[in-house]
Amino acid sequence: MFNRSIKYLVLVIINIVIIAILVMDDDQNSDVFDTDYVINLLDNSKQLERQVTNLTAQNKFLETSSENVQRQIMQTRSMIDGNVERLQQCKSEQASMVALAEQQSLQRSKMASSQSFSAQVCSDNAVQVSFLNKQMISLKEQLTAANAAARSANTEKQIMQSKLKKLNSSVEKFAEEKRLLQEINQQLESDLSSNIYVKQIYTAPTYCQPPRFEELVCVQRLLVRPQFSKTPFTDVQTTLTNPRGKVVGKFSFEATKAKLVNFPFPEDTEQPAGEYTVSFVVDGQTLLEKIILEH
């Protein structure tokens, strides 16, 4: 409709232009001026403008109406789709009910005419029980699958817990080893920064026959091995003294080479039992250690 109006306006404008050209030609050839004709042209122009305005308004109205119609069409289509889905569901339920009714009817047809109403009811109940059993079987299958999935998940959980336990054990073991190494490192740093001392001493006495009295001891030799907190800078002077203050023996050794100090005792000579003293003179310090010799 709008296209036809546009064509009509174009034809009218062409006619007006042709008439205007003819009038201009007549004006060139004559001095006569037709005022009525001009007024008619102005009226036609105003009328043409009004028609254009009306057609524009009609076009906007048609566009708005078209949008409204499109929205209504979409809403109607959505309602139709929803109704179709509900109809399909209803048909599915109806088919199940029809199948149940047909099965009941088949069971009734197999019954003899002399059977009572209670037998028919029993048959109907049997059909319903069969239907329920099928549903029960389906539910059991679903439950079995769910239990299998749960067992699988539980097995995986146990595996992960076992791995996590081993990992935590490894972490704890590593932490304990790290702590011990830190303690050793701190001890080494402390030993290096402090004065030298006897960290540990090993002794191995060799006894002979038992003495006549308990306050005596019979020893052939005594092996002594000291372990210092750090390597000495000087040679080590070692002295063994018995409980009465008598020197049993002296020995000097280079700490980087010697490992054992051998103190021999006089043969067939009984010594006083009790606390013996071993002294180490090293790096300008005198270090004393006590050793008990007794049978």
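The structure presented is a predicted model; accordingly, all values stated were derived computationally and were not measured.
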For F263 and V224: C-alpha separation, side-chain torsions, deciding distance, then whether side chain to side chain contact (heavy atoms under 4.5 Å, CB included) applies. CA-CA 8 Å; F263 289 103; V224 178; 4.1 Å; yes

If you compare all heavy atoms of A273 against all heavy atoms of E214, which two are closest, and at what distance to 0.1 Å? CB-O, 4.0 Å

As a quick check of understanding, evaluate side chain to side chain contact (heavy atoms under 4.5 Å, CB included) for Y276 and V217, giving each step before the final call. CA-CA 12 Å; Y276 283 70; V217 65; 4.0 Å; yes

Evaluation steps, side chain to side chain contact (heavy atoms under 4.5 Å, CB included), between F233 and V282: CA-CA 8 Å; F233 294 104; V282 57; over 6 Å; no

Looking at R179, I want to see if its CZ is surrounded by more than 12 non-hydrogen atoms of other residues, nucleotides or ligands under 6.0 Å. yes

P243 versus E275, closest heavy-atom pair with distance: CG-O, 3.3 Å

Between S229 and Y197, is there a donor-acceptor pair closer than 3.5 Å when you use the side chain of the first and the backbone of the second? yes

Is the side chain of T144 donor-acceptor paired with the backbone N or O of K140 at a distance under 3.5 Å, no angle test? yes

Tell me if a side-chain donor or acceptor on S169 pairs with a main-chain N or O of K165 at a distance below 3.5 Å. no

Say whether I292 and V219 are linked into one hydrophobic cluster, either directly or through other cluster members, by side-chain heavy-atom distances under 4.5 angstrom. no

Correct closest heavy-atom pair for I196 and K230 would be CD1-O, 3.5 Å

Where do K134 and S138 land on the side chain to side chain contact (heavy atoms under 4.5 Å, CB included) test, with the steps shown first? CA-CA 6 Å; K134 291 181 179 179; S138 177; over 6 Å; no

Contact list for residues 239-252, test side-chain hydrogen bond (donor to acceptor under 3.5 Å, both in side chains), sequence neighbours left out: Q237-S252

Counting distance only, does the side-chain N/O of N147 pair as donor-acceptor with the main-chain N or O of L143 below 3.5 Å? yes

Supply the members, apart from F213, of the Ile/Leu/Val/Met/Phe/Trp/Tyr cluster built from side-chain contacts under 4.5 Å; use none for a lone residue. L216

Of V236, L240, V261, the residue whose pairing with F251 passes side chain to side chain contact (heavy atoms under 4.5 Å, CB included): V261

Which heavy atom of Q271 sits nearest to which heavy atom of F265, and what is that distance? CG-CD2, 3.7 Å

Short N-O contact, E176 and K173, less than 4.0 angstrom: no

What's the spacing between N133 CG and L139 CG if we round to 0.5 Å? 11.5 Å

State which residues pass side-chain contact (heavy atoms from CB on, under 4.5 Å) with E156; sequence neighbours excluded, sorted by chain then number. S152

